[in-house]
Amino acid sequence: MFVARSIAADHKDLIHDVSYDFHGRRMATCSSDQSVKVWDKSDNGEWNCTASWKTHSGSVWRVTWAHPEFGQVLASCSFDRTAAVWEEIVGESNDKQRGLSHWIKRTTLVDSRTSVTDVKFAPKHMGLMLTTCSADGVMRIYEAPDVMNLSQWSLQQEISSKLSCSCISWSPSSSRAHAPMIAVGSDDSNTAYSGKVHIYEYIENTRKYAKAENLMTVTDPVHDIAFAPNLGRSFHVLAIATKDVCIFKLIPMRNESAVGSSGPTKLQVQILAQFDNHNSQVWRVSWNITSTLLASSGDDGCVRLWKANYMDNWKCTAILRGDGSPVTGSSSQAAVPSTAGGPQHVIHCNLCYLSRCSTLCSQADVERTCPWSLPSSQRGVPWSPPSCPADTP
Amino acid sequence: MSGSKPDILWSPHHADRYVICDSELGLYRIGPVGSGETKAGALPLSVETAATLLAINSDTPYMKCVAWYPKHEPECLLAVGQANGRVVLTSLGQSHNSKCKELMGKEFVPKHARQCNTLAWNPVDSNWLAAGLDKHRADFSVLIWDISSKFSPEASVAAEKIRLSSGDTDSGLVVTKPLYELGQNDACLSLCWLPRDQKLLLAGMHRNLAIFDLRNTSQKTFVNTKAIQGVTVDPHFPDRVASFFEGQVAIWDLRKFEKPVLTLTEQPKPLTKVAWCPTRMGLLATLTRDSNIIRLYDMQHTPTPIGDETEPTIIERSVQPSNSLIGSFAWHPTSQNRMVVVSAANRAMTDFTVFERISLAWSSTTSLMWACGRHLYECAEEAGVGGEGTVEKDIATKMRQRAQSRYGHDMVQVWKNHLLAGGDDPQLKSLWYTLFFMKQYTEDMEQKQQGSKQALVYSGIKNIVKSSSGTTENRRCWSGSDRQTDVPRFHSEERSLALRLCGWINRGPDINVEPFLRSLEGEGEWERAAAVALFNLDIRRAIQILNKGASAERGDLNLNVVAMALSGYTDEKSSLWREMCSSLRLQLKNPYLCVMFAFLTSELGTYDGVLYESSVAVTDRVAFACMFLNDAQLPRYMEKLTSEMKEVGNLEGILLTGLTKDGVDLMESYVDRTGDVQTASFCMLKGSPGEVVKDPRVQCWIENYRNLLDAWRFWHKRAEFDIHRSKLDPSSKPLAQVFVSCNFCGKSISYSCSAMPHQGRGFSQYGVSGSPTKSKVTSCPGCRKPLPRCALCLMNMGTPVSNCPGTGHGTGKSGEKVDLTRENKLAQFNNWFTWCHNCRHGGHAGHILSWFRDHTECPVSACTCKCMQLDTTGNLVPSDSH
């Protein structure tokens, strides 16, 4: 039996994106009401909105967190053709006690001439980088050369394609065996242009990203794309939301001879799974931290969970209804009227999900004495009190 | 609308009724499935709703268009436009009050017969019904009828003509004089009344859109366009109108009527219906011919400051209500985003809700958040509520639980780690026992000062037997049996070592499996014990074990039968026993029973039935091979088994590969398969230092595991892991990252404790370093100048903290006392230096902590720094502390 817990979001229009921070204790939402809200999880598991502010002058499509190593930093992108980087300033807030925090805009990225459809930070081992993509088919890679200064971003590279871009994903692998990689999806509705997913790889020699792969089999509009957390695996897994849920496996060919790495790595592409269970356009895909569970949402108004068995056979393990209402007849296999087996009909939920009741321990009182909650540097860099020169051995 | 293609009209006042019209009119009521109201003949529309047919009206042939009377009374009055241009009022259902009766069957007849394309009731003046007709020479094409008008005698002549032509005899109800006649010398394809004013009528004429003002019929506003079909006003925005032509939809703003404000992407097929959603702002649904999808355009009316030339945000999406081609659809008047769809072919209906697009995200702790519309929903994997427990927990959940149970940290009784992991995974069990036996052997060797073997033992049985030399073969006969056949068995020092690593024999020179058998018996693994006894050529012991197993609590009585069969063993090549055993053994469910008979019936030297029985534990197969395969066969078998294990990533294979590059390969495919970097990290750290640990893949697993622990806020576990790791791999020890130097001489003041290994990696950023209590110095060891003072007790740093820190400020909370006793345990820590990196004020850690328990600002006078709030991560609490 599954009961989703509803949270009063209080957005005035559609919520377009929801994003957790690294620890899963903070969350950001963005909406057509042009605002972003930041939520903090209290010790009893309740989500409290601690900040809500107008970010753009158009619908905000996506919001995403930087790794906490770079501070409390968000990026958002909007229909107003811009992307923005935000930083939380706690010290300057005058009523932290009431649980409100203050976010200020560090930069606005105005290079796009059309709606910016996605923004993503690079994995932290690459430093503070972010990519945006826009409806006119341009992907831009920015870097903050100084991680302490979030207001300076330099445009590293612009990659244009003739198809409008809808989504991007960084390969999260930190393995030195894998070069940095970005996948871009296009929602161009013309199926005549095949290859709606392009994969770019960083070439050490030229210090630029170059196209490594074009998934020709994906011809329908792509709405979302997500690299799975790599977790030390030797290959990459990529989930694609298009008319189906697709899971691709990208195996880098270990070519020992090409040490010079003058060109992108050859990727062997396998399709692991393709599901049309949503029976409609798939809107979003998201991986859990170990990339063993995939969640997808579709126009059928349902969220589906997918899991692979040890043979790499992916199966749907749960169907959750998008409005949070309990799945009817879920106590047993619901008898579906044969004549009306419409796609919106929820059948069954066989993973048992319950409302979230704070499974995380909440020892706030105990941990006040935790040594590491002392006032400290926001960014993990070595330092010494400024009056004393660093005593390097 | 042709006769064959159905259309749907939703009742303007009853949210549960609609009419389907194709060749006849059918009134349906929609209700929840299985409720008392719905009768047996209800048609299911979705899982939850069904429709009941209430009434059918087939009085009006040649229907071209239908419009539902907008007022409450009479309830079910419909105007039907016919192919000959007549408009007939008809009704569905029971309500035949006087007013309705009067109107029923009333006909409105144009001068010249031609097709009636469209009908529209005036929403305010509900007596007015506008009809749009095809062109007939110079005649008018838009006629507005007043349904309350009486039969007019002067029109009877015209009516007479019509009557003659159509053969109609019901003269009393025929009206031929329209209230208004508009659109001369033109055709009208679509009509709608504008909500701005009841006298304004928007008409899609032959090649233009025209607005007729009934207050002044000589005037009309018009714009030339092809998009003249299906004009419809946005119910939420009275100046916004949609119309279409072929595959293109045009959106008009009546205040700027010169050109469409927007044209939507052209569809390859002609459109048949366009409708604004009555329950949601700016949502337009369109349907094309021969299509099973409905395309939706979500027009977000967001004012953009960029300028007029920008188009509004449009989110385009398509929905597929059912698999069949759609004939028509109608939005539900009140229910959010809901519509009923009727199929083109067989009038099959579907109740369908257009769902908002859901965006979703997993948190690091495997809870799922999604946003649907304006709402957020959260759910999490609930551990162990699976009922039957059929669904295996996700590896993320498993790793979290294992981290909390200190999995991997037991360095003495290494095998116990599999119990810490839950004790239900045979691969992990095998792995940790293997590592345990390897460690045990290494320790034995260390005592005997034989360093060379130590490296060998971690290189796995495959390499151990490869180096085997001086194998002796001795033929042993069955003990406890009178059979004479000798079975060749092979011995060497390496093979004994291999048997030991398999856990079959204990330390010592003798091959004595008796302790192993006893432990198997203790665990109730009767079949396995019997098989091991049999492989040691002790058939009597095997039978004894089986008997014991049969008589044990919850034992399997069939074991007695097996024992009986066993006792009949004969080495006659062509005996009936042999024949039956070879064929029937395959039906035995237990793999160990199966291999027992395979062993007994096999030819000497060929034991494939045992060696390739994949459900037998790898340890047992390897041990078996070490006893019965000769020096040529054994390495080949080992090689084969190893590559098989590597292929599937089976951790039992670590026994063969050891912690070598082979082992890393095997672990790689295990990690590829499971993502279990936790086991991989701990296992590889057990290897001899400096070799496998240096493998970039191993480093990658370790980093990924540490990252997982950090994401879960298992910081204590991460620190423990780092300590554990630096014990086994000293090269991983991080350098100190903070140096505190004296204000005066610039030298480090921490020389006295430089040897203290108290800084785990990643902690040092939180700014703690300094002298513990044993150092009594309150001055710089270099220049003897005093150290800074604590901002609270005003003592020089280095002074041990008194037992009552921070009470001078008179807060005197009762909670403080309790904390103090606890803090005594942390006395060492209380003496540490700490400071705010922002305002650079600081003091004893204990004092500072107790100050910030009640304050947000720095304790130094006139300093307004909010030291405690500078770092949000610092305010997070580790989730793994006790």
Side-chain angles (χ1 to χ4, degrees), chain A residues 4-7 9 11 15 17-20 22-24 32 57 59 68 72 79 90-91 96 175-176 231-234 280 283-284 286 288-290 292 295 297 299 301 303 322 324 337 340 342 345 351-354 356 360-361 364 367 372-378 380 382 385 388-389 391, chain B residues 44 47 300 305 313 319-320 322 350 355 357-369 371-372 374-380 382 385-386 394-396 671-672 675 677 700-701 704 711 713 737 739 741 746 748 765-767 834 836-837 840 866-874 877 879:
Chain A
R5 205 182 53 160
S6 170
I7 297 158
H11 270 292
I15 300 171
D17 198 15
V18 46
S19 163
Y20 276 108
F22 176 69
H23 294 114
S32 267
S57 50
S59 292
Q72 295 297 310
F79 178 74
V90 192
K96 172 76 176 175
S175 162
R176 257 173 249 124
L231 216 65
R233 291 182 177 87
S234 59
S280 58
W283 183 236
R284 287 293 169 88
S286 171
N288 76 337
I289 194 168
T290 47
T292 42
S297 70
D299 276 350
V303 173
H345 305 141
L351 242 194
C352 290
Y353 274 62
L354 282 180
R356 171 125 181 108
L360 292 168
C361 335
E367 287 322 302
W372 321 122
S373 59
L374 280 170
S376 57
S377 156
Q378 292 205 1
C388 325
D391 180 8
Chain B
V47 171
Q300 310 216 340
T313 318
V319 291
Q320 190 183 359
S322 70
T350 311
F355 293 99
R357 288 195 146 158
I358 300 167
S359 63
L360 38 75
W362 285 102
S363 81
S364 52
T365 48
T366 322
S367 64
L368 182 68
M369 180 76 73
C372 183
R374 294 179 211 170
H375 304 281
L376 287 169
Y377 301 92
E378 185 187 32
C379 73
E382 196 66 24
V385 196
D394 186 63
I395 188 69
V671 171
D672 281 355
V677 282
C700 181
W701 297 331
N704 272 293
R713 292 177 299 123
Q737 289 185 342
F739 296 92
S741 56
S748 167
Q765 59 169 299
Y766 295 98
T834 184
C836 167
H837 75 111
R840 284 173 237 130
K866 292 191 170 54
C867 316
M868 209 49 177
Q869 298 170 359
L870 287 176
D871 188 354
T872 322
T873 312
V877 183
S879 62

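The sequence lines fix the lettering, A, B, ..., with proteins before strands; numbering per chain opens at 1.
The backbone N or O of A:Ser286 lies less than 3.5 Å from a partner atom in the side chain of B:Trp362, making a donor-acceptor pair. The backbone N or O of B:Ser359 sits nowhere less than 3.5 Å from a side-chain atom of A:Ser297 that would complete a donor-acceptor pair.
The candidate with the highest count of non-hydrogen atom pairs below 4.5 Å against chain B, out of A:Ser175, A:Ser19, A:Ala295, is A:Ala295.
For A:Thr290 against B:Ala396, the heavy-atom pair with the smallest separation is OG1-CB, 3.4 Å. Among all heavy-atom pairs drawn from B:Cys700 and A:Gly232, the shortest one is SG-CA, 3.9 Å. Contact between B:Ser364 and A:Gly24 at its shortest, heavy atoms only, is OG-N, 3.6 Å. Pairing each heavy atom of B:Ala371 with each of A:Ile15, the nearest pair is CB-CG2, 3.5 Å.
Among residues two or more places apart in sequence or in another chain, the ring pair (Phe, Tyr, Trp, His ring centres under 6.0 Å) test is passed with B:Trp701 by none. For the side chain to side chain contact (heavy atoms under 4.5 Å, CB included) test, residues two or more places apart in sequence or in another chain that qualify with B:Ala361 are A:Tyr20.
Rounding to the nearest 0.5 Å gives a distance of 11.5 Å between NE2 of A:His11 and CZ of B:Arg374.
For B:Thr366 and A:Asn288, the side-chain atoms include no donor-acceptor pair closer than 3.5 Å.
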